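The first residue of the sequence shown is numbered 1, and numbering continues consecutively from there. Nothing here was measured: the structure is a model prediction, and the numbers come from that model. Read the numbers this way: they start at 1 and go in the same order the structure lists the ligands and their atoms.
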Amino acid sequence: MCGIVGYIGHKNATSILLDGLKRLEYRGYDSAGVALLENGDFRVFKEKGKIVEVEKLLSKKKIHSSIGIAHTRWATHGEPSKINAHPHLSFDKRIALVHNGIIENYRILKKNLQSKGFQSISDTDSEVLANLISYYYQNDLEEAVRRALKDINGTYGILVMAKDNPNMIIGARHGSPIVVGIGEKEMFVASDVSAIVTYTKSVIYLDDNEIVAVTQNEYRTTSLSAYTVEKDIQEIDWDIDDITKGGFDHYMLKEIHEQVDTVQNAFRGRLNWDEATAKLGGIPEEVFLTTERVIITACGTSYYSALVGEYLLEELAEIPTEVEYASEFRYRSPIIKKGTVVFVISQSGETADTLAALREAKRKGSKVYGITNVVGSTIARETDGGVYTHAGPEIGVASTKAFTSQITILLLIALSFARRRRMSHQRGLEILRNLVNLPHSIKQILENSNKLKQLAKKHAKSSNMLFLGRHINYPVALEGALKLKEISYIHAEGYPAAEMKHGPIALIDENMPVIVIATDSNILEKVISNIQEVKARKGRVIAIATEGNHSIQELCEDVFYVPKVLDIVSPILNVIPLQLFAYYVAVERGCEVDQPRNLAKSVTVE
Ligand code: AGP
């Protein structure tokens with residue numbers, strides 16, 4: 001997934017574009033570039049590496065331009081390099097383009113264009129599109145873009161400028177988001193609102209197969225077939241402070257600490273104490289009454305929260321539930337019969353595989369409901385309804401507050417199902433009480449962060465780690481392993497604690513830290529047995545245990561205590577020490593915590 005941003009207005013474009021790129025850097029950061037139109041000519045500055053490299057280039061120049069486009073890249077075609085960085089100019093230098101997405105038929109297009117004199121100098125599919133637009137360009141840029149897009153297969157979010165038209169930027173989307181910010185005698189176009197919110201809160205979102213022609217004072221949205229499309233102006237409900245570090249060293253640490261509030265935001269206004277249930281307006285009542293089977297599909301961390309949802313729905317509401325990786329679901333001809341409802345979970349609301357799974361489920365006739373964090377995101381807009389997590393922008397590439405918010409929403413959904421079926425009023429109240437006490441418990445865990453910092457220092461040089469959990473905390477073990485590997489680059493695996501003896505136990509020795517989620521539950525004794533199996537092989541056990549369980553200290557090298565809470569709610573708490581542990585290990589190892597190598601915040605390519 002890449003970040004794109006464009007500006008046309010009355011101010012100097014350079015600083016606005018660079019600021020926008022920095023707000024989008026979490027979307028991809030292996031190379032970056034800016035194209036400005038000055039005195040009828042393109043001035044292009046691009047470099048491999050972070051945006052600061054481009055900033056250095058521009059700091060040596062005095063460019064007077066109030067129109068430009070910019071790009072920060074997560075490579076799909078062509079390795080990260082200066083020549084493959086965007087913006088790309090057409091061979092005849094008439095067109096400048098930035099692109100987020102994949103053009104699947106670019107090879108044949110490249111060959112045809114070469115026969116017409118349009119050579120490519122990079123390895124990218126995006127440059128081919130710039131050439132194709134130039135090939136069609138007479139003097140109507142919007143028409144040239146429209147004709148070129150009809151020739152391509154694949155996904156795109158693009159911004160295009162023509163050298164001889166300094167008054168217009170064309171944007172278009174199919175599969176990669178484009179949002180237009182409406183200012184005073186200035187317009188902004190970007191991949192997401194974080195690049196725009198400093199300047200305006202009034203935005204419109206493009207849908208697939210839509211084109212927008214933007215000038216300094218107005219915008220016009222049309223379909224690929226040139227029909228006018230009316231768009232509602234939406235107001236962004238957060239501001240730039242939400243996407244600054246707020247005194248923390250990294251966004252990830254800030255977002256871990258935000259969980260005191262974000263878990264509360266997830267259930268705020270959604271609790272019905274009289275009925276001991278939840279109020280979820282985005283999901284029709286009939287869904288809670290008629291659903292016989294649930295499928296949840298997602299990717300990455302969202303997939304792990306979905307796994308927690310499976311335990312919640314089956315244990316609380318006795319509804320058969322299956323969880324599928326979106327990338328598998330979309331290709332395996334899933335059986336979806338009457339009475340089945342599909343949920344998709346996505347923090348960004350733009351993950352390509354999850355969006356494709358959503359569309360496949362709808363194609364099969366199912367209603368699809370979303371649990372997403374970004375209002376107006378593609379997934380949010382294509383579902384039949386759903387629940388926003390209200391976690392605020394999550395900038396750190398490693399997902400943290402989104403995970404705990406997703407589980408909170410899944411608990412509310414399970415409670416809504418359960419209280420319409422067999423769960424007692426009293427049990428419902430017990431769950432609500434545990435839920436509303438969570439922010440206080442999270443605060444207590446955060447106050448003990450230093451213990452995790454020490455543990456991280458102790459184990460930061462490990463090459464491998466195992467994370468073990470049982471039942472509803474098995475997905476938390478998976479998530480803890482993912483956090484560690486994606487930001488510290490240490491190989492880590494999550495396993496059901498009992499499964500460890502069916503193979504992974506061969507890995508256990510005095511060099512293997514094993515983090516075990518051993519909080520109070522009716523299977524705690526089983527987890528203790530697994531700890532003893534690890535200890536018997538000199539494994540170094542770090543336990544996450546419930547306050548008051550002193551005996552576990554005899555078995556483990558280290559114990560981190562969390563407040564006592566209902567087991568069914570414990571994943572929301574138990575993941576937090578694992579997030580902090582992964583964070584401090586990555587810091588100890590000098591890793592780029594907020595922008596881990598090879599990763600992007602939201603994978604909008606397949
Ligand atoms: C989680 O830390 C990762 N960044 C990644 O696995 C992420 O959860 C996954 O790409 C899904 O993203 P989404 O929730 O925005 O769909």
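Counting heavy atoms from C-beta outward, Gln347 and Thr301 have side chains that stay 4.5 Å or more apart.
For His174, the side chain to side chain contact (heavy atoms under 4.5 Å, CB included) partners two or more places apart in sequence, or in a different chain, are Tyr156, Asp208, Asn209. Every residue two or more places apart in sequence or in another chain was checked for a salt bridge (charged side-chain N to carboxylate O under 4.0 Å, His left out) with Arg470, and none qualifies. Checked against side chain to side chain contact (heavy atoms under 4.5 Å, CB included), Tyr474 has the following partners two or more places apart in sequence or in another chain: Tyr311, Leu478, Pro496.
Below 30°, between 30° and 60°, or above 60°: for Phe288 and Phe417 the angle between ring planes is above 60°, a perpendicular geometry.
Taking a heavy-atom cut-off of under 4.0 Å, ligand 1 is surrounded by Cys299, Gly300, Thr301, Ser302, Ser346, Gln347, Ser348, Thr351, Val397, Ala398, Ser399, Lys483, Glu486.
Applying the 6.0 Å contact sphere to NZ of Lys364 captures more than 12 heavy atoms from other residues, nucleotides or ligands.
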